[in-house]
S.K.: 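Handing you this structure, nothing more for now.
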Amino acid sequence: MITPRYHREIPQRYRLEAGKCQKCGEVSFPPRLVCPNCKSQEFETVRLNDEGKLLTYTIIRVASDKFFGTTPFAVGIVELNDGVKLTTQIADVDFDQLKIGQKVKLVFRKIQDEGKSGLHCYGYKAVLV
Amino acid sequence: MVGIVGYGSYLPRYRIKVEDIAKQWGADPEAIKRGLMLYEKTVPGQDEDTITISVEAARYALQRARINPQEIGAVYIGSESHPYAVKPSATVLIDAVGIGPDVHVASFEFACKAGTEAMYVAYSLVKAGEMKYAMGIGADTSQGAPGDALEYSASAGGAAFIMGNENVVAEILFTHSYTSDTPDFWRREHEFYPRHAGRFTGEPAYFKHIVNAGKALLEKSKMKPSDFKHAVFHMPNGKFPQMAGRQLGFTKEQLEAGWIIPWMGNTYSGSSPTGLTAILDVANPGDLIFMVSFGSGAGSDGFIFKVTDKIKDVQDKAVKLRDMLDNNKIYLDYGQYAKYRGKIILNV
Ligand SMILES: [Zn+2]
């Protein structure tokens, strides 16, 4: 995650800001420039509901160097209450407790560090409720 | 009427027991538990820091206040574990909760009382009429050096308070601060762990500042200890706040609701502020609350709060401190704890 891209993605990573198509109502997350449904380019910014359910998950046991020392961790696909699906880490979880369909909520966590002296990068992760 | 219009607290789910730390260093856990009146402490997850804890506490405070975050004119975070040496923690927080960009932010630092400094300044700005709402936060993920006495108590957590003058749930009636140059505890720039001068920590530091701030607050308010339903003091261990309370004339019963240290540890800048949220969670209209923080170096901030009838509307609007303290714990052993806290040298 390089600094300019991290900065650009703050609205979606921090506040779950999505783009709602002004023509057909399709909600895109992350926001897009062109609606995948009707090709419209007019969007309104909406904030997604931070609660939803777990559609599927996996356990990462071997990760890239950046995540050294944090394995094993769970990653899942979450469907939020307003229908939007997103991929996210699942924090603070005993893997035995993970079940498809479980209710989750998105919380604010540190996603990664840019090395020892670089930026701390924050965003959302899911926790079981 | 100026005071708290919304409050929230946050504790990580991870815990380590005093036994597990004592075992590592060959110490007697029973003697430590008895001496410190402390059984376990919170530990931040590897992805948690003062910023993430502050954000969660601020979100709960906003849920209780039910105000437009855009109306908050200032956010101050007090901590001795700000993730950046240069870049205020609240720059991240305001973007995460939707405050600003028309907002004033700053990081405060004063050992364990940075949180009440943030509360005091937020309150003062609203009282001065500079802004409609201001937020003060105390949060920490403090570290004690391995094997040091502080390792048993240094924990993680925080609390956020939105000050305002409409729909106040706890009015601030009086404040008083007491400060002196006392070399009881410090951390030099670039050092990872703090140093403390053992003999300075009790009488000339903690007790002197809390008792003097407390006495001045009682004089100012012309109130007596028995007028208060609740009292909370900085909680470096279980014993000190009870002794300070006794010196000022407060009973164990008055301290009970806010005395969360035995199972939480010392959340430093979050210590008396999280204790205050535990009190607000159970407070009734009309209750008077007495609060004095302490920060090494050294100083104390005192507050007298009067709970209003609005408190009942907000208590259930977000998770309560004791629910986070008592439930959903994940215990770590010392090895996991050392890894979580970055105490292990890695080859990366
Ligand atoms: Zn469309």
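Just so we're on the same page: letters track the sequence lines, and every chain starts at 1. As the structure is a prediction and not an experimental result, all values here were calculated from the model.
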S.K.: Ignoring hydrogens, what is the shortest heavy-atom contact between Leu106(A) and Arg59(B)? Give both atom names and the distance.
M.R.: O-NH1, 4.4 Å
S.K.: Using a 4.5 Å heavy-atom cutoff, which residues in residues 24-63 of chain A come close to chain B?
M.R.: Arg47(A)
S.K.: With only heavy atoms counted, which part of Tyr14(B) is less than 4.5 Å from chain A, the side chain, the backbone, both or neither?
M.R.: side chain
S.K.: Could you pull out the closest heavy-atom pair between Lys105(A) and Tyr60(B), with the gap in Å?
M.R.: NZ-OH, 2.9 Å
S.K.: Considering heavy atoms only, which positions within residues 71-87 of chain A lie below 4.5 Å of chain B?
M.R.: Thr71(A)
S.K.: Could I get the full list of side chain to side chain contact (heavy atoms under 4.5 Å, CB included) partners for Ala57(B), not counting sequence neighbours?
M.R.: Tyr10(B), Ala160(B)
S.K.: Determine yes or no for a side-chain-to-main-chain donor-acceptor pair under 3.5 angstrom, with Arg13(B) supplying the side chain and Asp92(A) the backbone.
M.R.: yes
S.K.: Rounded to the nearest 0.5 Å, how far does OG1 of Thr52(B) lie from CD1 of Ile111(A)?
M.R.: 10.0 Å
S.K.: Sort by residue number and list every residue of residues 80-96 of chain B having at least one heavy atom under 4.5 Å from chain A.
M.R.: Pro83(B), Tyr84(B), Val92(B), Asp95(B), Ala96(B)
S.K.: Does the side chain of Lys110(A) come within less than 4.5 Å of Asp49(B)'s, by heavy atoms?
M.R.: yes
S.K.: Looking at Lys20(A), I'd like to know if its NZ atom is crowded, meaning that more than 12 non-hydrogen atoms belonging to other residues, nucleotides or ligands lie closer than 6.0 Å.
M.R.: no
S.K.: Between Leu128(A) and chain B, with a heavy-atom cut-off of 4.5 Å, which part of the residue counts as in contact: side chain, backbone, both or neither?
M.R.: neither
S.K.: Let me know if Glu56(B) has heavy atoms under 4.5 Å from chain A in its side chain, its backbone, both or neither.
M.R.: side chain
S.K.: To the nearest 0.5 Å, tell me how far Lys125(A) NZ sits from Asp47(B) CG.
M.R.: 3.5 Å
